[in-house]
Amino acid sequence: MSTPWAELLSRPAEEAAWDMLGCTIVVRDEAGAVAIRLTEVEAYSGELDPGSHAYRGQTARTAPMFGAGGRLYVYFTYGMHWCSNIVCGRPGSASALLLRGGEVVRGIDLARSRRRAARSDRDLARGPARLAQALGLTGQDSGRELAVGGRAELELAPPPRRADVRTGPRVGLTGPGGDGTTFPWRFWIDGDPTVSTYRPGVRRHRRRT
DNA sequence: GTTTTGATCCGCT
DNA sequence: GCGGATCAAAACT
């Protein structure tokens, strides 16, 4: 069986990223559907990538990453947030794209109801945990195959011009080979307002008492 | 836990 | 009202 996105998602995440920007992910449930046009993603790729959850091998949590491209990988982090990925590449390659930011293009009322704290529509899916929450994705969806007409699917779009795509270090990686600059695999659409704010190394002041 | 989010403050138009 | 800057708190694995 095949899907419209099978070829695209069989490529390594850092290659697929260029064509994933501008595509729309749709997630449906009883309450309706929310569709988000992707404006910012981050690639993670298997064994050679110290920043990847798959770097130290397969676990129950990361098992979906080791499957074939075309499924979701959703993980829980910092005791509070869900982050969603689309698995890319060949089976066993453990390559995935973290969805970091996007624009809600359909189902905006449903997205608003899930994201009560959003100050404006721009903030509905600006940031990886916000995006996952706007879509209603949790760990229960980890491993789920994208399917035409299914709970989750992808709508392809013409890729943005390369000149409109910026790349840079990924967020939150430290240590040798994993400092984010070895693999500058953060991709975003230049100037798009729904790209998340990146605040590197912000110095926190100890609260004065 | 050096990330993410939300609340808050503040300047801008 | 919008949005940048700053600060504090932290579901559900």
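A, B, ... follow the sequence lines: proteins, then strands. Residue 1 opens every chain.
Across all strands shown, B:dG11 pairs with C:dC2; the Watson-Crick or G-U wobble distances both stay below 3.5 Å. If you check C:dA11 for Watson-Crick or wobble pairing at under 3.5 angstrom, you find it has no partner at all.
The pair A:D109-A:R114 does not count as a salt bridge, with every side-chain nitrogen at least 4.0 angstrom from each carboxylate oxygen. Ion pairing between A:D121 and A:R130 fails under the 4.0 Å rule for side-chain N and carboxylate O.
For A:R119 against B:dT5, no side-chain N or O and base N or O form a donor-acceptor pair under 3.5 Å.
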### Task
Please report the C-alpha distance between A:L72 and A:N85 in whole Å, then the side-chain angles of each, then the deciding distance to 0.1 Å, and finally whether the side chain to side chain contact (heavy atoms under 4.5 Å, CB included) criterion is met.
CA-CA 6 Å; A:L72 296 171; A:N85 299 252; over 6 Å; no
### Task
Show the numbers, then the answer: is there a side chain to side chain contact (heavy atoms under 4.5 Å, CB included) between A:R170 and A:F183?
CA-CA 8 Å; A:R170 292 174 295 176; A:F183 301 105; 3.8 Å; yes
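Between the NE2 atom of A:H81 and the C1' atom of B:dG1 there is a distance of 12 Å, rounded to whole Å. For the pair A:R114 CZ and B:dT5 P, the computed distance is 16 Å after rounding to whole Å. In this entry the distance linking CZ of A:R115 with P of B:dG6 reads 4 Å, nearest Å. Atom pair A:L124:CG and C:dC2:P shows a separation of 13 Å (rounding to whole Å applied).
Contact annotation for A:R116: no contact, since no heavy-atom pair falls under 4.0 Å across all strands. Nucleic acid contact class of A:G139 (heavy atoms, under 4.0 Å, all strands): none.
Listed nucleotides: C:dA11, B:dG6, B:dT3. Nearest to the side chain of A:A117: B:dG6. Closest approach to the A:P128 side chain among C:dG4, C:dA10, B:dT5 is made by B:dT5 (side chain taken as heavy atoms from C-beta onward). Checking B:dT5, C:dG4, B:dT4 against the side-chain heavy atoms of A:R100 singles out B:dT4 as nearest. When each of C:dT13, C:dA10, B:dG6 is scored by its nearest atom to the side-chain atoms of A:W82, the top-ranked nucleotide is C:dT13.
Within the 4.0 Å cut-off from OP1 or OP2 of B:dT5, not a single side-chain nitrogen or oxygen of A:R126 is found.
Side chains of A:S196 and A:R100: a donor on one and an acceptor on the other come within 3.5 Å.
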